[in-house]
Novice: 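This is the structure I have questions about; it appears just below.
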Amino acid sequence: MATVMEQPALRRQSKSAQMRKYGFFPGCVAKESCKELFNSTLLLAEKLGIELVELTAASCCGASVLNDTNRDVARVLNARTYAQAEALGLDDVITICSTCTGHMRAANKELMESEAHMGQANAILGKFGAKYEGTVMVRHLLWLLIDDIGLDELKKMVVKPLNGLKVAPFYGCHIIRPESVNGWESARNPHSLEDIIEVLGGEAIDYAGKTRCCGFHVQLEKDGIAANMVGQNMRMAKDKGAEAVLTPCPLCHLALDGYQADSAARWGRTDLPTFHLPQLVAIALGIDPSLLGMNKHMIPPGLVLQSHDLAPAHVA
Amino acid sequence: MGFTLDIFRYDDKIDAEPHRDRVEIDQPTTMTVLDALEYAKAEVDGSISFRRSCRSAICGSCSMNINGTTGLACKTPVSQVLKSDNSVSVDPMPNFQPMKDLVVHMDPFWDKYNRLKPYLQPADKDEDHERERRVSPEDMKKLVAVANCVMCATCYALCPVVSVDPAFAGPAAIAYAFRFIEDVRDSKRKERAAQISDDYLWLCAHCYACSYCPKHVDPHDDIIAVKRATIEEGLTNHAGPRHALVVAKTIKQTGMLHESEVVQGTVGRFNIRGLLKQTPMMIRMVKAGKLPPFFLKPVPKVDEIRTIFNTLEAPTL
């Protein structure tokens, strides 16, 4: 019979400037169709003076669908990833994807709370000489920016304020829900993205769609479903005056950036350019937008950036 | 002391458009939203309509939208939801047609539930019974959470998939499918799995909006379990299970979720019509220079990943 261990903490104390070395789990989409997210993250990390050690032998987190096939495999795969971080002496695994965040944290919670799960994982990891001690915490880059760098410090680093750019935060799902797994902030009323937008000199738009689903995970199940979910949310943002969208998740980014073209028929044209979190932070911190993959967006953000004096004319 | 109740008013037999009434409630904010509605109805306007019965989160009647998010009025203290202008807005549940004020037409919700044949169908139901049908505590444990469902439809109202596609069964019906699929006394596992699969089980977008369940049923884990049951029952000739199994396959092969292979595997490599439907998105991705790679080099030590899959006998496409 498994004994329940002490409830693991949902949030880590901030790291001092000398200790800012983190395990880095970019996830699959940032290495495949959203490489601009991966590149922007590395550029931003350099600017912030933090060291991201990429876990190159890590596997996919399970992307929320692996649980549909087998209830254990994603948990054990993630235990393997955490063991790799521990072997490198790292206790933080930083993600840049909401789905990675939610599912890796869920796996870690199960491992920490159940000796049976931890035992099963380590029995399999033992076959190739690995062991997970249970010291890792999975954190999103968004939380690192606020907990470790701090909003005040970030504000001081802004050299190119967003000049009132009206940005709609789009949290999506897995970075806030379920609250028992994420718990970094209120799932019903989060404000971390708004805080970041305002510190960078932008104006955060409040709209009901900010915590709703982008539909990415069902885009292939039935025609038009993701486009409809995207259109519904982007309509709300546009009606509140948004000029652009900011998301901490590359899956949301693919859906929002890619499906607004298909949702126009039902929801009207919205055409809101969507930024990855590190892209917008990097712009405000003075990194040249042309290095941040602005040309890798399906809805080009160039015009919106130029209208706020944030990018030269040659940026897409 | 005192606050304003901002109430959605509408009668689908009379009104072309809804309007709102603001009712001043001269009472402490420690009362629940349902208490406030009862007070408004008793003291101010007897025509205000809403459903309620038990007033203690057992009957599931009083689910409504409170300040834009759905929950049980009887379980929500006014003080917890008071807006900065000292008001609370109440609206009918979204994803339903309003009938009168806060009362909605529940038929689509009950239809989806009834399609499940929501009663036990044991193999020996026609035999004479001398003994009760017993279940071990271990077998019953996994059904305890879903047994707390009061069918208040909060999850259905919060579901973003239902909001764009009413064909989707919704979280509560799938949780009830789980309740019978996982019941050791029931004999219709495969039929039930097929039924819920046909009711677009796989349209669940994994958004966890149903984790706001006021009775902590949290249907999302049940939905995942029902998906596994459909795969176990061999009901895999469908985009949903193919998607899950091809994701598993690419992770086992390369360590990564291989995006381009997942699209082909889900839609079907020879499903020309299905693949054609993906082409507008593909063209947009090509134009933006972000088409994912067709070939992926496996991550270092991919053998370890395969060992994990093989040890757990995890299925793949």
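What you see is a predicted model; the values in this text were computed from it and never measured. Below, each value reflects all heavy atoms present in this structure, side chains not excepted, and no hydrogens, waters or symmetry copies. Sequence lines set the chain letters: A, B, ... in the order given, protein chains first and strands last, and positions in each chain run from 1.
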Novice: Listed by chain and number, what are the salt bridge (Lys or Arg N to Asp or Glu O under 4.0 Å) partners of K127(A), not counting sequence neighbours?
Specialist: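 Expected list: none.
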Novice: Using a distance-only test with no angle check, is there a side-chain donor-acceptor pair under 3.5 angstrom linking S211(B) and E179(A)?
Specialist: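 No pair is found: no donor N or O on one side chain lies under 3.5 Å from an acceptor on the other.
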Novice: Working to the nearest 0.5 angstrom, can you tell me the gap between M285(B) CE and D257(A) CG?
Specialist: 9.0 Å
Novice: Which atoms of C204(B) come close to chain A, meaning under 4.5 Å heavy atom to heavy atom: side chain ones, backbone ones, both, or neither?
Specialist: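 Backbone only.
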Novice: Using salt bridge (Lys or Arg N to Asp or Glu O under 4.0 Å) as the criterion, list what pairs up with D68(A), not counting sequence neighbours.
Specialist: K227(B)
Novice: Which atom pair, heavy atoms only, marks the closest approach of W202(B) to V218(A)?
Specialist: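 Minimum heavy-atom separation between W202(B) and V218(A): O-CG1, 3.6 Å.
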Novice: Of the non-hydrogen atoms in V65(A) and A244(B), which two are nearest, and what is the gap between them?
Specialist: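 Closest pair (atom of V65(A), atom of A244(B), distance): O-CB, 3.9 Å.
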Novice: Flag the pair P178(A) / Y208(B) as yes when at least one side-chain heavy-atom distance between them is below 4.5 Å, and no otherwise.
Specialist: yes
Novice: Counting only heavy atoms closer than 4.5 Å, note whether N233(A) contacts chain B via side chain, backbone, both or neither.
Specialist: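 For N233(A), there is no contact with chain B at all, as no heavy atom is under 4.5 Å.
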Novice: Heavy atoms under 4.5 Å from chain B: which residues of residues 263-270 of chain A carry them?
Specialist: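 Under the 4.5 Å heavy-atom cut-off, R266(A) qualify.
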Novice: With the side chain counted from C-beta on, respond yes when V29(A) and M256(B) share a heavy-atom pair under 4.5 Å apart, and no when they do not.
Specialist: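 Answer no - side chains too far apart.
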Novice: Is the CG atom of N237(B) crowded by more than 12 outside heavy atoms at less than 6.0 Å?
Specialist: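 Open: at most 12 neighbouring heavy atoms sit under 6.0 Å from CG of N237(B).
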Novice: Let's test your reading of the structure: which of N295(A), I225(A), D72(A) forms the most heavy-atom pairs below 4.5 Å with chain B?
Specialist: I225(A)
Novice: With rounding to the nearest 0.5 angstrom, report the CG to CD distance, L220(A) to Q264(B).
Specialist: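 L220(A) atom CG to Q264(B) atom CD measures 11.5 Å (nearest 0.5 Å).
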Novice: Would you compute the distance between atom CD1 of I308(B) and atom CZ of F128(A) and round it to the nearest 0.5 angstrom?
Specialist: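 Reported to 0.5 Å precision, the distance equals 4.0 Å.
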Novice: Less than 4.5 Å apart, any side-chain heavy atom of P293(B) and any of E32(A)?
Specialist: yes
Novice: Looking at every non-hydrogen atom in both residues, tell me the closest pair between R177(A) and A209(B) and how far apart they are.
Specialist: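 Nearest pair, atom of R177(A) first, then A209(B): NE-N, 3.6 Å.
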Novice: At a heavy-atom separation under 4.5 Å, does V226(B) approach chain A through its side chain, its backbone, both, or neither?
Specialist: neither
Novice: Under a 4.5 Å heavy-atom cutoff, which of V302(B), L296(B), T316(B), T254(B) has the most pairs with chain A?
Specialist: L296(B)
Novice: For the candidates R80(A), R212(A), M229(A), which exhibits the highest count of non-hydrogen atom pairs separated by less than 4.5 Å from chain B?
Specialist: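 That would be R80(A).
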Novice: Between Q232(A), H297(A), K35(A), Q219(A), which has the largest tally of heavy atom pairs under 4.5 Å with chain B?
Specialist: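 Heavy-atom pair counts peak at Q232(A).
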Novice: Please look at L203(B) and chain A and tell me whether the side chain, the backbone, both or neither of the residue comes under 4.5 angstrom of a heavy atom of that chain.
Specialist: both
Novice: For A229(B), is it the side chain, the backbone, both or neither that has a heavy atom under 4.5 Å from a heavy atom of chain A?
Specialist: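 Neither the backbone nor the side chain of A229(B) comes within 4.5 Å of chain A.
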Novice: Could you tell me whether the side chain of K287(B) reaches within less than 4.5 Å of the side chain of M298(A), counting heavy atoms only?
Specialist: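 With C-beta onward as the side chain, the pair stays apart.
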Novice: Quick one: what part of L257(B) sits under 4.5 Å from any heavy atom of chain A, side chain, backbone, both or neither?
Specialist: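 It is both, since atoms from each part get that close.
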Novice: Centre of Y200(B)'s six-membered ring, under 6.0 Å away, within 45 degrees of the axis: is that where NZ or CZ of K222(A) sits?
Specialist: yes
Novice: Output the option from I176(A), L125(A), D223(A), T99(A) having the highest count of non-hydrogen pairs under 4.5 Å with chain B.
Specialist: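 Looking at each option in turn, the highest pair count goes to D223(A).
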Novice: For N228(A), is it the side chain, the backbone, both or neither that has a heavy atom under 4.5 Å from a heavy atom of chain B?
Specialist: both
Novice: Would you say L303(A) has more than 12 foreign heavy atoms packed within less than 6.0 Å of its CG?
Specialist: no
Novice: Hey, could you give me the CG/CZ distance between L312(B) and R71(A), rounded to the nearest 0.5 Å?
Specialist: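 Nearest 0.5 Å value for the CG-CZ distance: 11.5 Å.
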Novice: Using every non-hydrogen atom in the two residues, find where L254(A) and K290(B) come nearest and quote the distance to one decimal.
Specialist: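 Nearest pair, atom of L254(A) first, then K290(B): CD2-CE, 4.0 Å.
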Novice: Can you pull out every salt bridge (Lys or Arg N to Asp or Glu O under 4.0 Å) where at least one residue sits in residues 230-256 of chain B? Sequence neighbours excluded, please.
Specialist: R189(B)-E232(B), R189(B)-E233(B), K249(B)-E261(B)
Novice: I'd like to verify something: which residue of G27(A), A123(A), A187(A), S64(A) has the highest number of heavy-atom pairs under 4.5 Å with chain B?
Specialist: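 Among the listed options, the one with the most contacts to chain B is S64(A).
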Novice: Hey, what do you get for OG (S59(A)) to CD1 (I251(B)), rounding to the nearest 0.5 Å?
Specialist: 7.0 Å
Novice: For H206(B), is it the side chain, the backbone, both or neither that has a heavy atom under 4.5 Å from a heavy atom of chain A?
Specialist: both
Novice: Run through N70(A), T69(A), L66(A) and flag the one making a side chain to side chain contact (heavy atoms under 4.5 Å, CB included) with F309(B).
Specialist: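 Answer to the side chain to side chain contact (heavy atoms under 4.5 Å, CB included) test with F309(B) among N70(A), T69(A), L66(A): L66(A).
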Novice: Which one of K31(A), H217(A), Q120(A), E36(A) has the most heavy-atom pairs closer than 4.5 Å to chain B?
Specialist: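 Ranked by contacts with chain B, first place is H217(A).
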Novice: Restricting to non-hydrogen atoms, name the atom on R188(A) and the atom on L158(B) that form the minimum distance, rounded to 0.1 Å.
Specialist: NH2-CD1, 4.1 Å
Novice: Who among A239(B), G255(B), P300(B) has the most heavy-atom pairs with chain A under 4.5 Å?
Specialist: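 Of A239(B), G255(B), P300(B), P300(B) has the most heavy-atom pairs under 4.5 Å with chain A.
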Novice: Identify whether the distance between the nearest side-chain nitrogen and carboxylate oxygen of D262(A) and R284(B) falls below 4.0 Å.
Specialist: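 Salt bridge present between D262(A) and R284(B).
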Novice: Identify which part of K301(B) has an atom lying under 4.5 Å from any heavy atom of chain A, answering side chain, backbone, both or neither.
Specialist: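 Both parts, heavy atoms under 4.5 Å.
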Novice: With only heavy atoms counted, which part of I223(B) is less than 4.5 Å from chain A, the side chain, the backbone, both or neither?
Specialist: neither
Novice: Counting heavy-atom pairs under 4.5 Å with chain A, which one of D165(B), L245(B), V247(B) comes out on top?
Specialist: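 So the answer, after comparing D165(B), L245(B), V247(B), is D165(B).
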Novice: How many angstroms lie between atom NE2 of H258(B) and atom SG of C60(A), to the nearest 0.5 angstrom?
Specialist: 12.5 Å
Novice: V164(B) versus chain A, heavy atoms under 4.5 Å apart: side chain, backbone, both or neither?
Specialist: both
